[in-house]
There are 2 protein chains.
Amino acid sequence: MHPALQKQIEGKISLSAEQEQLVSNCYKSRQAKKGEILLEKGNVARYLYFVVKGCLRVFLTKDDGSEWTRFLIFEDHFGTAFPSFVQQKPSVAAIQSMEPSELFMINRQDAQMLMKEIPGWETMMRLGLEQDYIASIERIESLITLDAKERYNILMQTQPGLIQRLPGKIIADYLGISQETLSRLKSKK
Amino acid sequence: MHPALQKQIEGKISLSAEQEQLVSNCYKSRQAKKGEILLEKGNVARYLYFVVKGCLRVFLTKDDGSEWTRFLIFEDHFGTAFPSFVQQKPSVAAIQSMEPSELFMINRQDAQMLMKEIPGWETMMRLGLEQDYIASIERIESLITLDAKERYNILMQTQPGLIQRLPGKIIADYLGISQETLSRLKSKK
DNA sequence: GTGATTTATTGACTATTGTCAATCTTTTTA
DNA sequence: TAAAAAGATTGACAATAGTCAATAAATCAC
């Protein structure tokens, strides 16, 4: 099994040799170029991705051509177009690789099989889900209670790496503001 | 066991008599008056609530006295100040009963014990969590991609009951807008 | 490396939403 | 039921953020 995946599991569950083999077989490796689209809007999200290296962006497109970043997935994190993956229905969001990325991917069936077959696996998934849900709650709070500048300041404090690594236009649509407004915030503050 | 709770479980898991007794013992019944505070900001959320009748509001308060509704929990739904409940740390949000409410409550320890002891219970919880997470993702999308009027229109389409049942000021801070703006949206559209 | 493309900044103007205040309506409660 | 409290509406104005356009800077591809 790939050491990055191993690292996610160790300390949470201990696997037998056969279990480790089972897990290892479920995850397929994949590379993605910068800018490459992994899931197009309208298709079903068949895979949950694990980012070994690089960064994925889950984003929304509107008819006027505007784009909005729903989530960013960095190293050592899992992610996908979650509603589509869970419900196996067409996704309103697309997934794009923001950098040359090294990924592992698992389909829904296999993900469910592992939860059924490996004791503790579902618990591990649930705990991850709890963390993701908490992060999304905090994002909602920041969107309803703070203005653009405050949201940007918090992002700088909590995720400085994100700001250095991604173009400002992506930061802007992640924060729910325009690129121009973000540019002005950066100089004003 | 109370029929409303029973209804949540039936079709998902079948419980033995002892298991049913175990579940039943974990849930304590509670009434709450309209306006009553169930959790104050700064305290740890000890309970996950199930709403049999009525409505709970999980909300944030800022120093200037403004309030913002993080979540609303209606009949046949579970909810609490989730980050605090999961991490057992002081809550930034408070919980208030918006109507005379009939509730069941379970503490974190018992909730975890049921997941450990009853086969299928954790799966049921995980599926509920997935749904809540999806709902929160959709709320984020609506906050970053839509303006106030569009958000209000969608809320009217998807949750008309919510709008009839709660005061406009609550609808407004749930949507992340001021009461005055909401009032103007209602007459303009 | 150099041209081409993408990204960032800045100005001018507009649109949306917020704030404050006054008034009106509804609901609660004694 | 009447007084009080809470909620809703409206106007005037301010502030925040968006849009369009031009230019500058950075990055990419060959």
Side-chain angles (χ1 to χ4, degrees), chain A residues 32-37 54-55 57 59-69 72 96-101 142-156 162-189, chain B residues 32-37 54-55 57 59-69 72 96-101 142-156 162-189:
Chain A
K33 293 176 192 162
K34 176 168 179 172
E36 189 173 344
I37 298 292
C55 170
R57 173 187 180 225
F59 68 105
L60 304 155
T61 53
K62 294 182 76 176
D63 295 339
D64 63 5
S66 60
E67 298 188 346
W68 304 95
T69 296
L72 294 165
Q96 182 181 35
S97 179
M98 297 306 293
E99 303 173 355
S101 297
S142 132
L143 287 165
I144 60 176
T145 65
L146 305 178
D147 64 22
K149 184 153 84 185
E150 293 170 315
R151 296 208 294 279
Y152 176 67
N153 289 344
I154 287 186
L155 192 64
M156 260 202 319
L162 187 154
I163 290 179
Q164 289 161 357
R165 208 161 145 182
L166 295 173
K169 60 177 345 191
I170 306 295
I171 312 291
D173 65 52
Y174 178 76
L175 289 170
I177 62 180
S178 72
Q179 188 181 176
E180 294 93 332
T181 295
L182 175 60
S183 181
R184 290 181 174 110
L185 294 182
K186 287 197 278 189
S187 54
K188 284 284 159 53
K189 164 65 205 327
Chain B
K33 292 176 194 162
K34 175 169 183 173
E36 189 172 345
I37 299 291
C55 169
R57 173 189 180 223
F59 68 105
L60 305 155
T61 52
K62 295 182 77 175
D63 295 340
D64 62 6
S66 59
E67 298 188 346
W68 305 93
T69 296
L72 294 166
Q96 182 180 36
S97 179
M98 297 305 293
E99 303 174 354
S101 296
S142 128
L143 287 166
I144 61 177
T145 65
L146 305 179
D147 66 21
K149 185 154 83 184
E150 293 170 317
R151 296 207 294 279
Y152 176 67
N153 289 344
I154 286 186
L155 191 65
M156 260 202 320
L162 187 154
I163 290 179
Q164 289 163 356
R165 207 162 145 181
L166 295 173
K169 61 177 345 189
I170 306 295
I171 311 292
D173 65 53
Y174 178 77
L175 289 170
I177 62 179
S178 71
Q179 187 181 175
E180 294 92 334
T181 295
L182 176 60
S183 180
R184 289 181 175 112
L185 294 181
K186 287 197 279 188
S187 54
K188 284 283 159 53
K189 165 61 206 327

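Numbered from 1 within each chain, the chains take letters A, B, ... in sequence-line order.
You'll find the side chain of Lys149(A) reaches within 4.5 Å of the side chain of Asn153(A), heavy atoms only. Contact of the Lys34(A) side chain with the Pro100(A) side chain is registered, since non-hydrogen atoms from C-beta on lie closer than 4.5 Å.
Although no hydrogens or angles enter the test, the distance criterion places no donor-acceptor pair under 3.5 Å between the side chain of Thr61(B) and the main chain of Glu67(B).
Interface limits on DNA chain D: the 5'-most and 3'-most nucleotides within less than 4.0 Å of chain A heavy atoms are dA17(D) to dC28(D).
Residues Gly54(A) and Arg165(A) approach most closely at O-NH2, 2.9 Å, considering heavy atoms. Looking at every heavy atom in both residues, Cys55(B) comes nearest to Ser101(B) through N-OG, 3.1 Å.
Rounded to an integer number of Å, the gap from NZ of Lys186(A) to P of dT7(C) is 13 Å. Here dT7(C) presents its P atom at 7 Å from CD1 of Ile170(A), a figure rounded to the nearest Å. With rounding to whole Å, Leu146(A) atom CG is found 18 Å from dT17(C) atom P.
Within 6.0 Å of NZ in Lys62(B) there are more than 12 heavy atoms belonging to other residues, nucleotides or ligands.
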For each nucleotide in nucleotides 18-28 of chain C, reading 5' to 3', give B when a protein heavy atom comes within less than 4.0 Å of its base, S when such contact involves only the sugar-phosphate, and - otherwise.
-> SBBB------S
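In this structure, Glu180(A) has no salt bridge (Lys or Arg N to Asp or Glu O under 4.0 Å) partners at least two apart in sequence or on a different chain. Asp63(A) is linked by a side-chain contact (heavy atoms from CB on, under 4.5 Å) to nothing, counting only residues two or more places apart in sequence or in another chain.
Taking CG of Leu182(B) as the start and CD1 of Ile163(B) as the end, the distance is 8.0 Å to the nearest 0.5 Å.
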Distance-only criterion, 3.5 Å: show the donor-acceptor pairs between side-chain atoms of residues 169-176 of chain A and protein atoms not counting sequence neighbours.
residue: Asp173(A); atom: OD1; partner: Thr69(A); partner atom: N; Å: 2.8
residue: Asp173(A); atom: OD1; partner: Thr69(A); partner atom: OG1; Å: 2.5
residue: Asp173(A); atom: OD2; partner: Arg57(A); partner atom: NH2; Å: 3.4

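Five base pairs at each end of the helix from dG1(C)-dC30(D) to dA30(C)-dT1(D) define two local axes, and these are offset by 70° (rounded to 10°).
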